[in-house]
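Residue numbers run from 1 in the order of the sequence given.
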Amino acid sequence: MDIEQKEQLYEGKAKKVYATADKDLVIVDYKDDATAFNGLKKGTIVGKGVINNRMSNYLMQMLEKHGIETHFVNELSERRTLVKRVEIVPLEVIMRNVVAGSLSKRTGRPEGDIPSMPILELYYKSDELGDPMVNADHALAFGWATEKELAEIERIARKVNDVLKEFFAGVGVDLVDFKIEFGRYRGKIILADEISPDTCRFWDSKTKEKLDKDRFRRDMGGVEGAYHEMMRRIGLK
Ligand code: TMP
Ligand code: ASP
């Protein structure tokens, strides 16, 4: 596909976004930069941009096959993908199948506990405030999303969880939790952003070894190896 990359529109912690000649399409360019704790911790995970780009595109295409509309259009290169230009809903949606991370801290339940149902959480996207946890009332009352949009976001998030949980179980990986974001596109809510070891917790089903960004957040070493192992599990290398 012959797509001309135009001016940079935005640079985030892990990605850059560029305009194209088509006002409805933008190019996402994945970096190797890694941050944690709202940017307090900084580093590089060599090759991460390539892995996250390819893995996210693979998973988004899988979700499309299950009837979930995503921003994915076309992979342009190792690190760059053409996506629909959406208006991002300022909510981070987290789905949890296993207790870990901030849920463990907040509730005192040990990491590894299995809640009786998947848990959906909402966080308000604000670097300034450190992405605080909020609820549906906050989102409605402050106009971050309409009631209809919120219902759609919850429905899609649970469906994404069902599809991904089953897929990862098949390759020997527990999908512990993940974060997704949504955008508005031509009047619809669609899945945007990325799905990668940066935004998911992956544990080896047998050993419970961590195969995701927690290795970076928690200074465990073996970060690059874990990202590559996830690519192998998925069959992308
Ligand atoms: P948490 O346990 O720290 O709240 O994280 C839950 C999941 O969300 C985990 O898979 C990592 C992901 N996540 C992000 O992708 N971005 C973030 O800014 C945070 C805090 C978590
Ligand atoms: N990437 C996020 C940050 O820099 C958080 C994380 O993934 O832990 O704050």
Would you name the heavy atoms of [X] and [Y] that are closest together and state the gap between them?
{"X": "Leu150", "Y": "Ala139", "answer": "CD1-CB, 4.1 Å"}
{"X": "Leu236", "Y": "Met55", "answer": "CD1-CA, 3.9 Å"}
{"X": "Tyr123", "Y": "Val134", "answer": "C-CG2, 4.0 Å"}
{"X": "Ser77", "Y": "Asn53", "answer": "O-ND2, 3.1 Å"}
{"X": "Cys200", "Y": "Leu175", "answer": "CB-CD1, 4.3 Å"}
{"X": "Gly183", "Y": "Ala192", "answer": "N-CB, 4.2 Å"}

Is [X] salt-bridged to [Y], going by a charged N under 4.0 Å from an acidic O?
{"X": "Asp32", "Y": "Arg79", "result": "yes"}
{"X": "Lys159", "Y": "Asp162", "result": "no"}
{"X": "Lys188", "Y": "Glu69", "result": "yes"}
{"X": "Arg106", "Y": "Glu121", "result": "yes"}
{"X": "Glu11", "Y": "Lys31", "result": "yes"}
{"X": "Arg80", "Y": "Glu75", "result": "no"}
{"X": "Asp214", "Y": "Arg201", "result": "yes"}
{"X": "Glu229", "Y": "Arg233", "result": "yes"}

Main chain of [Y], side chain of [X]: is a donor-acceptor contact present, judged purely on distance under 3.5 Å?
{"X": "His228", "Y": "Gly225", "value": "no"}
{"X": "Gln8", "Y": "Lys16", "value": "no"}
{"X": "His71", "Y": "Asp193", "value": "yes"}
{"X": "Asp204", "Y": "Glu209", "value": "no"}
{"X": "Arg215", "Y": "Lys210", "value": "yes"}
{"X": "Glu111", "Y": "Gly101", "value": "yes"}
{"X": "Asp22", "Y": "Asp24", "value": "yes"}
{"X": "Asp113", "Y": "Val99", "value": "no"}

State plainly whether one hydrophobic cluster holds both Val223 and Ile51, where clusters connect Ile, Leu, Val, Met, Phe, Trp and Tyr through side-chain heavy atoms under 4.5 angstrom apart.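 In one cluster with Val223: Ile51, yes.
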Report yes or no: do Val86 and Val93 belong to one cluster of Ile/Leu/Val/Met/Phe/Trp/Tyr joined by side chain heavy-atom distances under 4.5 Å?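 No, Val86 does not connect to Val93 through the hydrophobic network.
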Can you find a heavy atom in the side chain of [X] that is under 4.5 Å from one in the side chain of [Y]?
{"X": "Ile189", "Y": "Glu149", "answer": "yes"}
{"X": "Phe72", "Y": "Gln61", "answer": "yes"}
{"X": "Leu129", "Y": "Tyr124", "answer": "yes"}
{"X": "Leu191", "Y": "Val160", "answer": "yes"}
{"X": "Phe167", "Y": "Leu59", "answer": "yes"}
{"X": "Asn97", "Y": "Val176", "answer": "no"}
{"X": "Lys84", "Y": "Val73", "answer": "yes"}
{"X": "Phe178", "Y": "Ile195", "answer": "no"}

Trace of the side chain to side chain contact (heavy atoms under 4.5 Å, CB included) decision for Arg109 with Leu103: CA-CA 8 Å; Arg109 289 180 185 267; Leu103 179 61; over 6 Å; no
If you apply the rule salt bridge (charged side-chain N to carboxylate O under 4.0 Å, His left out), what do you find for Glu194 with Lys15, and how did you get there? CA-CA 10 Å; Glu194 70 176 277; Lys15 298 187 280 294; 2.5 Å; yes
Nearest 0.5 Å, please: how far is [atom2] in [Y] from [atom1] in [X]?
{"X": "Asn57", "Y": "Asn52", "atom1": "CG", "atom2": "CG", "answer": "10.5 Å"}
{"X": "Leu76", "Y": "Ile3", "atom1": "CG", "atom2": "CD1", "answer": "7.0 Å"}
{"X": "Glu92", "Y": "Lys125", "atom1": "CD", "atom2": "NZ", "answer": "5.0 Å"}
{"X": "Ile180", "Y": "Ile153", "atom1": "CD1", "atom2": "CD1", "answer": "9.0 Å"}
{"X": "Phe202", "Y": "Asp177", "atom1": "CZ", "atom2": "CG", "answer": "10.0 Å"}
{"X": "Arg96", "Y": "Ile114", "atom1": "CZ", "atom2": "CD1", "answer": "13.5 Å"}

CD of Glu147: more than 12 outside heavy atoms within 6.0 angstrom?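 Counting other residues, nucleotides and ligands, CD of Glu147 stays at 12 neighbours or fewer.
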Heavy-atom neighbours of Arg158 CZ exceed 12 at 6.0 Å: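 Correct, the count exceeds 12.
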Listed partners of Asp198 passing salt bridge (charged side-chain N to carboxylate O under 4.0 Å, His left out), at least two apart: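 Salt bridge (charged side-chain N to carboxylate O under 4.0 Å, His left out) check on Asp198 returns Lys48.
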The test is side chain to side chain donor-acceptor pair (under 3.5 Å); show your working for Thr70 and Glu64 and say whether it passes. CA-CA 7 Å; Thr70 77; Glu64 291 269 0; 2.7 Å; yes
Could you walk me through whether Ser196 and Tyr227 pass the side chain to side chain contact (heavy atoms under 4.5 Å, CB included) test, one step at a time? CA-CA 9 Å; Ser196 71; Tyr227 279 65; 5.7 Å; no
Name all pairs fulfilling the side chain to side chain donor-acceptor pair (under 3.5 Å) condition that reach into residues 34-44, sequence neighbours left out, sorted by first residue then second.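 The answer is Lys41-Asp219.
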Contact list for residues 163-176, test side chain to side chain donor-acceptor pair (under 3.5 Å), sequence neighbours left out: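 Listed once each, the pairs are Asp174-Ser205, Asp174-Lys208.
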How are the rings of Trp144 and Phe142 set relative to one another: parallel (under 30°), tilted (30 to 60°) or perpendicular (over 60°)?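 Geometry flag for Phe142 against Trp144: tilted rings.
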Applying side chain to side chain contact (heavy atoms under 4.5 Å, CB included) to Tyr30 and Val50, what does each step give before you reach the verdict? CA-CA 7 Å; Tyr30 286 75; Val50 174; over 6 Å; no
Take Asn135 and His138, measure what side chain to side chain contact (heavy atoms under 4.5 Å, CB included) needs, and give me the verdict at the end. CA-CA 5 Å; Asn135 66 24; His138 296 125; 3.1 Å; yes
